[in-house]
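Heads up: the structure comes next, in structure tokens.
Computed from heavy atoms alone, side chains included, the values below leave out hydrogens, waters and symmetry copies. Naming convention: chains lettered A, B, ... in sequence-line order (proteins, then strands); numbering from 1 in each chain.
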Protein chains: 2
Amino acid sequence: MNEEEQVLIHCLYFTASRFARNITKLAERTFDFGNLAPSYFYMIMIVKFHPGITQKELCHKLSIAPSTSTRFIDKLEGLKLVTRKTSGKQTCISLTEDGEKVYVQFRSSLKELFAGYSEILGHEFSLDLSKMLHEASNKLEKEL
Amino acid sequence: MNEEEQVLIHCLYFTASRFARNITKLAERTFDFGNLAPSYFYMIMIVKFHPGITQKELCHKLSIAPSTSTRFIDKLEGLKLVTRKTSGKQTCISLTEDGEKVYVQFRSSLKELFAGYSEILGHEFSLDLSKMLHEASNKLEKEL
DNA sequence: ACTTTTAATTTGTATATGCAAATGAAGGGG
DNA sequence: CCCCTTCATTTGCATATACAAATTAAAAGT
């Protein structure tokens, strides 16, 4: 193995970005209803479990910038999947009935996605990798 | 741990995208010369080790779409860091002298980046995670 | 040698995403 | 009660990235 490969394999920024691109392709193929990118469904799920969550909390749970959350919510609101309710400085988000329906579909696609990559990567391996990424994100966020 | 957290922690798409966003922040802070996003430096490194590499090979090594490579190279060419040489259907890319200089800088920033996340995540952990991501990308690419 | 096919690159267009500046709303000090 | 600060959200702008269609150049079949 030459020097270049060593560097590429050992650089977390590089391997993580590359892997994210690859798994995004798989996810986009799996969530092929609704014309929404996969990330939107994760936002829907979080709102499902935290009705009336503030945008700020959403940003934190998804690790996205506030501006990104604004635009996501704009889009979801436009599709009548969530509702905004401003309360003072904050904005609280909840699911509409249509949003609930989309959530149900999402959950079944999610199983498909799990099955898809588990078959390719191995079930245990996928679980381990996912947990490590989760843990690493939390540590990084605490420091940055 | 509730159902939502379970799903979020176990979904590789979600944890991978989130982690990629977080580590990108760290990388952008570390590579603060040249006004280039981190990815460009990886392209430069690959060209450094494969002078005259074709665009197609670059795409494969970086896991990016051909159109993305075109635009990256446009930018690097504009900055006089690489040169294009079309040969038939293909285009071959090499570093200029300035490109070589940038590469040297990049290598030292890379050490900084490694040190930065190793301190937060642990040296062994970082290495393991990076290797797993590398391996997983390769498997995924083979299948998709 | 001409036409058809194939393969690499480019261009057009769309989107997720971020940062920095602007807005707007609460709350505290005088 | 007004000003100033603080903080959540939004808006303006920039960019990495992808897909699909267009281009271009080699290669293959006739």
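Taking atom CG of A:Leu26 as the reference point, atom P of D:dA18 lies 15 Å away to the nearest angstrom. Remark: C1' of D:dT17 and CD1 of A:Ile23 are 17 Å apart, rounded to the nearest angstrom. Atom pair B:Leu58:CG and C:dA8:C1' shows a separation of 13 Å (rounding to whole Å applied). Between B:Leu62 atom CG and D:dA16 atom P there is a gap of 13 Å when expressed in whole angstrom units. At whole-Å resolution of the value, NZ in B:Lys85 and P in C:dT9 are 14 Å apart. Between A:His60 atom NE2 and D:dA8 atom P the separation is 13 Å, expressed in whole Å. Here the P atom of nucleotide D:dA26 and the CD atom of B:Gln90 are 10 Å apart, to the nearest Å. Rounded to a whole Å, the CD atom of B:Glu28 is 14 Å from the P atom of C:dT17.
Looking at heavy-atom distances under 4.0 Å, A:Ser39 makes contact with sugar-phosphate atoms alone, never a base. Across all strands shown, A:Ser63 has heavy atoms under 4.0 Å from sugar-phosphate atoms exclusively, and none from any base.
Ionic pairing of B:Lys101 and B:Asp98 is present here: one or more N-O contacts between side-chain nitrogen and carboxylate oxygen are shorter than 4.0 angstrom. For B:Lys139 and B:Glu135, the salt-bridge test passes: some basic side-chain N is under 4.0 Å from an acidic carboxylate O.
Side-chain proximity of A:Ile64 to the nucleotides D:dT9, C:dG18, C:dT10 is greatest for C:dG18. Set against D:dA16, D:dA8, C:dT9, the side chain of A:Lys56 has D:dA8 as its closest nucleotide. Distances from the side chain of A:Phe72 to the nucleotides C:dG18, D:dT9, C:dT17 place C:dT17 closest. You'll find that the side chain of A:Thr70 is closest to D:dT9, out of D:dG12, D:dT9, C:dA16. The nucleotide whose nearest atom lies closest to any side-chain atom of A:Arg71 is, among C:dA16, D:dC19, D:dC13, D:dC13. The B:Thr91 side chain lies nearest to C:dT9 when the options are D:dT17, C:dA16, C:dT9. Closest to the side chain of B:Lys75, out of D:dA18, D:dA16, D:dT10, is D:dA16.
In terms of position on DNA chain C, the residue among A:Gly88 and A:Leu36 whose nearest nucleotide sits closer to the 5' end is A:Leu36. Closest-nucleotide positions on DNA chain D for A:Asp74 and A:Ser17 were compared, and the one nearer the 5' end corresponds to A:Asp74.
Linking ILVMFWY residues whenever their side-chain heavy atoms come closer than 4.5 Å, directly or via other members, leaves B:Leu127 and B:Leu110 in distinct clusters.
The side chain of B:Lys89 places no N or O atom within less than 4.0 Å of a non-bridging phosphate oxygen (OP1 or OP2) of D:dT24. Residue A:Arg21 has a polar side-chain atom (N or O) positioned under 4.0 Å from OP1 or OP2 of D:dT17. Of the side-chain N and O atoms in B:Tyr40, none sit less than 4.0 angstrom from OP1 or OP2 of D:dT15. Phosphate proximity of D:dT10 to A:Arg84: present, with a side-chain N or O under 4.0 Å from OP1 or OP2. Distances shorter than 4.0 Å separate some side-chain N or O of B:Thr68 from OP1 or OP2 on D:dA18. Considering only side-chain N and O atoms, B:Gln55 lies under 4.0 angstrom from the phosphate OP1 or OP2 of C:dT10.
Side-chain contact between B:Leu36 and B:Leu79: present, with at least one pair of heavy atoms (C-beta onward) separated by less than 4.5 Å.
By the 6.0 Å contact criterion, CD on A:Glu119 is open, its count of non-hydrogen atoms from other residues, nucleotides or ligands being 12 or less.
Taking the six-membered ring where the residue is Trp, the centroids of B:Tyr117 and A:Tyr13 are separated by 6.0 Å or more.
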